[in-house]
Amino acid sequence: MFTRLSDIDRMFGAMDLLRNKMDRLFSDYDRSSLSDPAFTLRSNSPRTNLLESGDTFEVQAEVPGVSKEDLNIKIQGNYLEISGKRSVETPEGYKIHRNERGSSSFSRSFSLPDEIDAEKVEAALKDGILYLKLPRSETAKPKMIEINTA
Amino acid sequence: MDRRQEIVKQNEKNVEKTHELYEATPAVDIYENDNEILLHADMPGVVKENISVDIDNGTLSISGVRKLETEGAATYEEFSDVEYVRSFSVPQTIDVEKVEAELKDGVLRLHLPKSEAAKPRQIEIKTA
């Protein structure tokens with residue numbers, strides 16, 4: 001009986017090992033695409049996250065080196081558009097050794113799952129990340145319907 | 001000895017270190033003039049406290065950890081917590097004492113001044 005149990009243990013051990021290897025394979029693959037500087041350079045549009053909590057959506061966008069004045073946010077119904085431009089100026093009198101952060105203009109639009117109350121949208125720019133808090137509009141919220149007794 | 005114990009031990013013995021965070025390479029611009037070398041690196045979402053800049057033996061390494069405050073369920077995610085890492089070879093003539101760093105809008109700006117001895121010098125010719 002004891003030998004049987006140990007066999008099972010060993011089998012699970014081997015499976016764990018395989019699983020770890022697979023996990024690593026995927027994360028390595030992810031990493032290679034994330035760490036490739038070309039990946040971050042060629043795609044003009046900023047990377048974004050869309051989070052949903054209760055009645056608000058939160059959109060986060062990576063916009064390093066973009067000032068508040070250079071960002072435009074447009075909302076209509078459930079349509080959201082983030083556009084802007086980034087200007088990278090060479091300081092005067094300096095020789096360029098490496099130039100990976102190019103000036104660019106970008107635009108990205110989204111269709112959100114629900115309509116947004118455009119009046120109550122909050123936008124914040126912090127450390128090169130744009131945070132947008134988008135509350136659902138009243139019409140999109142679920143409503144309780146009372147049943148009348150006859 | 002019990003086989004089970006052996007298996008558990010084997011896991012602990014695993015010496016290979018795996019990083020908890022993804023590592024990303026920040027895009028950089030490097031400029032130089034007669035007085036200093038200037039380095040700009042994109043590190044969106046990294047706060048000042050989580051940046052480290054080390055110069056050791058001719059190698060400049062910058063590292064920044066981004067921890068995003070998120071709440072709610074992610075519908076989709078294109079970026080997440082990450083560690084920006086990159087290192088450069090810098091000439092020994094950098095005045096390490098006077099290196100300055102600033103962070104604005106997710107862009108790290110490093111000023112690496114050259115030491116006096118390394119600055120180009122114009123030599124005046126005296127007429128006898």
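Any value given below was found using the heavy atoms of this structure, including those in side chains, with hydrogens, waters and symmetry copies removed. What you see is a predicted model, and the numbers here were worked out from it, not measured in a lab. Order of the sequence lines fixes the chain letters, A, B, ..., with proteins taken first and strands second; residue numbering starts at 1 for each chain.
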Checking the side chain of B:E78 only, and the main-chain atoms of A:T48 only, is there a donor and an acceptor separated by less than 3.5 Å? yes

Distance (rounded to the nearest 0.5 Å) between A:D127 CG and B:D105 CG: 8.5 Å

Check whether more than 12 heavy atoms from other residues, nucleotides or ligands sit under 6.0 Å from atom CD of A:E81, and answer yes or no. yes

Residues B:G106 and A:P64: closest non-hydrogen pair is O-CB, 4.0 Å

Looking at A:Y131, A:F110, A:F57, which one has more heavy-atom pairs under 4.5 Å with chain B than the rest? A:F110

Side-chain donor/acceptor of A:E100 to backbone N/O of B:V28, under 3.5 Å: yes

Measure A:T90 against the heavy atoms of chain B and call it side chain, backbone, both or neither at under 4.5 Å. both

Is there a path of hydrophobic side-chain contacts, each under 4.5 Å between heavy atoms of I, L, V, M, F, W or Y residues, that connects B:L103 with B:L60? yes

Among the clusters formed by ILVMFWY side chains lying less than 4.5 Å apart, do B:V107 and B:V46 turn up in the same one? no

In Å and rounded to the nearest 0.5 Å, what is the CD1 to CD1 distance from B:I30 to A:I96? 11.5 Å

Chain A: which of B:L38, B:D42, B:T75 shares the most heavy-atom pairs with it under 4.5 Å? B:D42

Flag yes if A:V59 and A:V63 sit in one hydrophobic cluster, no otherwise; membership is Ile, Leu, Val, Met, Phe, Trp, Tyr, and two members link when side-chain heavy atoms are under 4.5 Å apart. yes

Kindly assign one of parallel, tilted or perpendicular to the pair B:Y31 and A:Y94, based on the angle between their ring planes and the thresholds 30° and 60°. perpendicular

Please flag which part of A:A61 lies under 4.5 Å from any non-hydrogen atom of chain B: side chain, backbone, both or neither. backbone

Measuring from B:F88:CZ to A:R98:CZ, what's the distance to the nearest 0.5 Å? 7.5 Å

Do you know which two heavy atoms are closest between A:N49 and B:E77, and how far apart they sit? OD1-CA, 3.2 Å

Quick one: CD1 on B:I37 to NZ on A:K95, what's the gap to the nearest 0.5 Å? 9.0 Å

So what's closer than 4.5 Å to chain B heavy atoms on A:V66: side chain, backbone, both or neither? backbone

Could you state the interatomic distance from CD1 (A:I129) to CD (B:E69), rounded to the nearest 0.5 Å? 10.5 Å

side-chain contact (heavy atoms from CB on, under 4.5 Å) between B:T70 and A:Q60: does it pass, once the steps are laid out? CA-CA 9 Å; B:T70 51; A:Q60 306 171 332; 3.7 Å; yes

Between A:L112 and A:Y79, is there shared hydrophobic-cluster membership here, with clusters defined by ILVMFWY side-chain heavy atoms closer than 4.5 Å? no

Highest number of heavy-atom pairs under 4.5 Å with chain A among B:K48, B:K104, B:M43, B:H40 belongs to B:H40

Would A:L51 and A:L130 show up in the same hydrophobic cluster when neighbours are defined by side-chain heavy atoms closer than 4.5 Å? no

Counting N and O atoms only, with roles assigned by atom type, does the side chain of B:D29 sit under 3.5 Å from a partner on the main chain of A:R101, one being a donor and the other an acceptor? yes

Given that the side chain runs from C-beta out, which part of A:E58 has a heavy atom under 4.5 Å from chain B: side chain, backbone, both or neither? side chain

